[in-house]
Amino acid sequence: MIESLLTIGLGHYLALAGMLLALGLVGVIVSRRNVIVALMSIEIMLLAVNINLVAFSSFGANLGGQVFAMIVLTVAAAESAIGLAILVLAYRLRGSAALDDLSDMKG
Amino acid sequence: MISGLFFYLFALVLIGSATATLCVRQPVHAVLFLILAFFNAAGVFLTLGAEFLAFILLIVYVGAVAVLFLFVVMMLDVRTGPPVPALKRFGKLGLGIGALLGGQLVTLALLWPSSPAVITSPTVHLVHNTEALGRVLYTDYFLPFQISGLVLLVAIIGAIVLTMGPRRAIKRQNTSQQMATNPADVVQLKQVGIGEGAE
């Protein structure tokens with residue numbers, strides 16, 4: 001029983017990635033006052049996707065998963081840089097970093 | 001068997017620190033828990049045999065992105081005030097959606113037909129992971145590699161253009177204005193006698 005629990009199969013890694021994705025999604029929905037936590041939750045979701053990709057790459061003996069994970073890493077870094085630049089600009093223009101206050105385009 | 005224990009250790013601390021990122025009051029503590037999560041994700045990558053990606057995660061994600069988060073958090077006055085009434089309504093909805101998604105994914109994942117890991121077979125380690133990635137990245141995946149460079153360039157330009165506004169308090173040269181001035185407007189030649197001062 002302990003042996004079967006300790007041999008880590010593909011499903012374990014996918015379950016870990018699934019839990020992290022759900023956690024990131026909860027973070028994005030729940031953080032209404034705090035934009036930083038929303039951006040960090042997006043990073044957690046991208047980390048979950050990376051774990052998924054690398055797990056499939058390792059269990060399928062195909063390096064394309066790891067290459068894809070590197071590209072996702074690149075895009076995640078670029079997106080968080082732009083997101084933080086937007087956040088800094090919004091804070092500079094209106095003095096508050098709460099998501100609820102950024103509703104100028106609300107019809 | 002030991003690698004199984006390591007996986008459980010890394011996975012539990014990863015999920016714990018990701019949860020703590022969302023629950024903690026101070027944003028600086030949240031960013032530090034995110035850094036802990038990235039470290040444990042690098043550990044998970046190590047158990048999968050992806051060594052290059054594990055250390056690239058540390059260098060890029062922790063060393064650049066998380067430090068950028070720390071800069072912004074320390075620069076802005078991000079205060080988590082008392083929870084807005086909307087939070088109480090969206091909190092339950094968010095937890096419900098998260099539990100639904102997480103439950104579906106975990107159930108699907110645990111029912112996956114598992115095969116023994118390929119990384120335990122000895123023939124895979126003919127070259128180490130970095131060299132294998134290098135062999136594949138610059139030949140088969142050359143186009144995505146170049147396009148990701150373009151993505152980074154556009155991100156740099158975008159971030160600079162967004163945050164570079166007119167600085168009011170800094171005096172600087174306006175070269176075009178300097179070149180466009182007429183010397184006759186600003187310089188005057190006066191004839192001054194010996195011993196007299198100029199007016």
Side-chain angles (χ1 to χ4, degrees), chain A residues 3 6-16 18-27 29-34 36-37 39-41 43-44 47 50-51 54-55 57-61 63-64 66-67 69-71 73-78 80-82 84-89 91 97 100, chain B residues 1 4-5 7 11 15 18-19 21-22 27 30 34 37 41 44-45 48-50 53 56 60 64-65 68-69 72-73 76 78 80-81 84 86-87 90-91 93-95 97-98 101-102 105-106 109-110 112 114-115 117-119 124 132-133 136-137 141 144 148 151-152 155 158-159 162-163:
Chain A
E3 267 305 314
L6 278 180
T7 48
I8 308 294
L10 178 62
H12 290 95
Y13 290 101
L14 299 186
L16 172 67
M19 279 192 265
L20 276 175
L21 191 74
L23 266 175
L25 187 61
V26 167
I29 294 176
V30 159
S31 75
R32 302 286 291 181
R33 285 214 62 84
N34 210 345
I36 297 277
V37 172
L39 285 171
M40 285 196 289
S41 308
E43 293 300 316
I44 292 177
L47 184 68
N50 273 342
I51 292 178
V54 174
S57 156
S58 166
F59 279 84
L63 269 182
Q66 292 188 23
V67 173
M70 276 205 296
I71 309 279
L73 197 64
T74 305
V75 170
S80 67
I82 296 285
L84 286 171
I86 292 177
L87 173 65
V88 164
L89 201 61
Y91 184 81
D100 280 340
Chain B
M1 171 166 154
L5 282 173
F7 167 75
I15 294 193
T19 315
T21 307
L22 313 175
L34 186 72
V44 169
F45 283 172
L48 276 169
L53 211 59
I56 286 293
V60 170
V65 173
L68 184 62
F69 270 109
V72 172
V73 160
L76 307 182
V78 185
T80 55
V84 190
L87 174 64
F90 284 110
L93 180 66
L95 280 174
I97 291 177
L101 177 66
L105 286 173
V106 169
L110 290 179
W112 205 276
S114 61
S115 51
V118 188
I119 49 175
V124 180
L133 268 176
V136 131
L137 183 65
Y141 298 99
S148 64
V151 163
L152 284 172
L162 274 176
T163 51

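Within every chain, numbering begins at 1; the chains are lettered A, B, ... in the order of the sequence lines, protein sequences first and strands thereafter.
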Enquirer: Could you tell me the separation between the CG atom of B:Leu53 and the CD1 atom of A:Ile51, rounded to the nearest 0.5 Å?
Expert: 10.5 Å

Enquirer: For A:Met70 and B:Leu137, run side-chain contact (heavy atoms from CB on, under 4.5 Å): C-alpha distance rounded to whole Å, both residues' side-chain angles, the deciding distance at 0.1 Å, then the answer.
Expert: CA-CA 10 Å; A:Met70 276 205 296; B:Leu137 183 65; 3.8 Å; yes

Enquirer: Any chance you could measure A:Ile29, atom CD1, to B:Ile97, atom CD1, to the nearest 0.5 Å?
Expert: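 Reported to 0.5 Å precision, the distance equals 4.0 Å.
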
Enquirer: How close do A:Ser80 and B:Val65 get, heavy atom to heavy atom, and via which atoms?
Expert: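 The answer is OG-CG1, 3.4 Å.
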
Enquirer: Name the region of B:Ala64, side chain, backbone, both or neither, that has any atom closer than 4.5 Å to a heavy atom of chain A.
Expert: neither

Enquirer: Ignoring hydrogens, what is the shortest heavy-atom contact between A:Ala22 and B:Gly98? Give both atom names and the distance.
Expert: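 So the two residues come closest at CB-O, 3.3 Å.
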
Enquirer: What part of A:Leu25 gets within 4.5 angstrom of chain B, counting heavy atoms only: side chain, backbone, both, or neither?
Expert: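 Answer is side chain: those atoms of A:Leu25 sit under 4.5 Å from chain B.
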
Enquirer: Measure the shortest side-chain to side-chain distance between B:Leu22 and A:Met40 over non-hydrogen atoms and say whether it is less than 4.5 angstrom.
Expert: no

Enquirer: Between atom CD1 of A:Ile36 and atom CZ of B:Phe69, what is the distance when rounded to the nearest 0.5 Å?
Expert: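 Reported to 0.5 Å precision, the distance equals 6.5 Å.
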
Enquirer: Please give me the minimum heavy-atom distance between B:Val60 and A:Ala77, naming the atom from each residue.
Expert: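 The answer is CG1-CB, 4.4 Å.
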
Enquirer: I need the minimum non-hydrogen distance between A:Val26 and B:Gly94, along with the two atoms involved.
Expert: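 Scanning both residues completely, I find the closest heavy atoms to be CG2-O, 3.3 Å.
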
Enquirer: Name the member of A:Leu47, A:Ile86, A:Val75, A:Asn50 that forms the most heavy-atom pairs with chain B at distances under 4.5 Å.
Expert: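 Option with the top pair count is A:Leu47.
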
Enquirer: Who pairs with B:Tyr141 by ring pair (Phe, Tyr, Trp, His ring centres under 6.0 Å), at least two apart in sequence or on another chain?
Expert: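 Scan of B:Tyr141 (ring pair (Phe, Tyr, Trp, His ring centres under 6.0 Å), adjacent residues dropped) gives none.
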
Enquirer: Can you tell me how far the CG atom of A:Leu16 sits from the CG atom of B:Leu105, to the nearest 0.5 Å?
Expert: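 Interatomic distance, A:Leu16 CG to B:Leu105 CG, rounded to 0.5 Å: 11.5 Å.
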
Enquirer: Checking heavy atoms, do the side chain of A:Leu23, its backbone, both or neither come under 4.5 Å from chain B?
Expert: both

Enquirer: Return the CG to CD1 distance between B:Leu162 and A:Ile82, rounded to the nearest 0.5 Å.
Expert: 6.0 Å

Enquirer: Can you tell me how far the OG atom of A:Ser58 sits from the CZ atom of B:Phe45, to the nearest 0.5 Å?
Expert: 11.0 Å

